Chemist: 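Would you mind keeping the following structure in view while I ask a few things?
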Amino acid sequence: MNMNSDIKNILICERFDLEALLELKKNKKFLVENYSDEKSETADALVIRSKFRITAAQLDKSPNLKLIVTCTSGFDHIDLEETQKRSITVMFTPEANAISAAELAWSLLMAANRQVCAAHREMKAGKWNREPFLGHELSGKTLGIIGLGRIGSRVANFAKAFGMKTLAFDPYQDEAVFQQTQALRVSYEEILKQSDFLSFHVPATFETKNMFSRSQIEYVNPEVIIVNTSRGSAINEDDLADALLDKKIRFAALDVFQKEPLTRDSKLNKCQNVILTPHLGAYTEEAFSKASLEAAQRVTEFFELNKTLNTLPLKNDWGSLSFAERV
Ligand SMILES: O=C(O)C(=O)COP(=O)(O)O
């Protein structure tokens, strides 16, 4: 533990890339250590990911804290009211995970569409059974993207290669992004009605909470495939599971859940027509490396140059207006 105020105590709270760690450790003005409750007392900065929750109780442990950098694009694990109250700067790394998350959305969409996981399970059980696996082409189908931000717009760009028609619902995104991605701007109701595939790319805010529940499920085409790689809170899981069991929705491929880890008693585990992955969106070596290096840079710039980039909370993003007002 360092009490010399010229030296900044930087605590790494979750998985962090080695090269980025060495970069931070090179700086003689930083003492860089792994997080422990004891060390948190003198922490000047915390470098976190999405599992390290920043609550009032957590902040009480670090009275000297000046900076939090989260190596994530989501920020719902941070109580931004509390950090603002305590004048703690919070930064995130929104670009670093975007490619990985968009690629996972496509992996899930494609695996769901051609029932890759179920066919694999049958093969492993010694069967050679093609009948249940008659599929559909993506070409000519309609992809609905909910949230055309950094990740959603990449998902839209990939859709061009498959010859799909892309719709997007995002009340806050600029027209230029719709044009660049060739996504047609539609209302929430229209996207639910018209899409063959619905992919969610929204942050967890009060506006997006349960935005896909029983009443929205009423609108969708029963052949639809739902993909969620954003935040579990956007989808009411019990309602989705009921719709999957009742065949009101063909299939769902989910990487994120209302409560993580997903509990064994989740109704989703009763559904055959799901693919579930354990929050792997940002889980690639490249994304880890980019996010960690960016975080290291942010920490250095903050303490050495008083510079702040990508600070939270965001203005003009989901969360600034009631969702209901916009649909
Ligand atoms: O970037 C994000 O928003 C994430 O959800 C990353 O999640 P993780 O920190 O890898 O559990």
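Nothing here was measured: the structure is a model prediction, and the numbers come from that model. Atoms within each ligand, like the ligands themselves, are counted from 1 in listed order.
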Chemist: Is atom NZ of Lys165 surrounded by more than 12 heavy atoms (other residues, nucleotides or ligands) closer than 6.0 Å?
Modeler: no

Chemist: Do any N/O atoms on Asn97 end up under 3.5 angstrom from N/O atoms on ligand 1?
Modeler: yes

Chemist: Check Ser73 against ligand 1 and report side chain, backbone, both or neither, counting heavy atoms closer than 4.0 Å.
Modeler: both

Chemist: Linking I/L/V/M/F/W/Y whenever their side-chain heavy atoms sit closer than 4.5 Å, directly or via other members, would Leu262 and Leu244 fall into one cluster?
Modeler: yes

Chemist: If we only count N/O pairs under 3.5 Å, is Glu14 in contact with ligand 1?
Modeler: no

Chemist: For atom 5 (O) of ligand 1, what is the nearest protein heavy atom, given as residue, atom name and distance?
Modeler: His279 NE2, 2.7 Å

Chemist: Any side-chain donor paired with an acceptor under 3.5 Å for His279 and Thr277?
Modeler: no

Chemist: Can you tell me which residue and heavy atom of the protein come closest to atom 3 (O) of ligand 1, and the distance to 0.1 Å?
Modeler: Gly74 N, 2.6 Å

Chemist: Ile68 and Leu24: same hydrophobic cluster, using ILVMFWY side-chain contacts below 4.5 Å?
Modeler: no

Chemist: What atoms in ligand 1 come closer than 4.0 Å to a heavy atom of Lys51?
Modeler: 11 (O)

Chemist: Checking a contact table here: which protein heavy atom is nearest atom 10 (O) of ligand 1, and how many Å away?
Modeler: Arg49 NH2, 2.9 Å

Chemist: Classify the ring geometry between Phe30 and Phe303 as parallel (under 30°), tilted (30 to 60°) or perpendicular (over 60°).
Modeler: perpendicular

Chemist: Can a side-chain donor-acceptor contact be found between Ser215 and Ser213 if the only test is distance below 3.5 angstrom?
Modeler: no

Chemist: Measuring from non-hydrogen atoms of Arg15 to any atom of ligand 1, is the shortest distance under 4.0 Å?
Modeler: no

Chemist: Do Tyr172 and Asp174 meet the criterion of a side-chain donor-acceptor pair at a distance under 3.5 Å?
Modeler: no

Chemist: Where does Arg231 meet ligand 1, judged by heavy-atom distances below 4.0 Å: at the side chain, the backbone, both, or neither?
Modeler: side chain

Chemist: With Arg15 as the cation and Phe288 as the aromatic partner, state whether NZ or CZ is under 6.0 Å from the six-membered ring centre and within 45° of the axis.
Modeler: yes

Chemist: State the atoms of ligand 1, each with its element, that fall below the 4.0 Å cut-off from a heavy-atom position in Thr72.
Modeler: 1 (O), 2 (C), 3 (O), 6 (C), 9 (O)

Chemist: Who's the nearest protein heavy-atom neighbour of atom 8 (P) of ligand 1, and how far?
Modeler: Ser50 OG, 3.3 Å

Chemist: Relative to the heavy atoms of Ala282, which atoms of ligand 1 are at a distance of less than 4.0 Å?
Modeler: 6 (C)

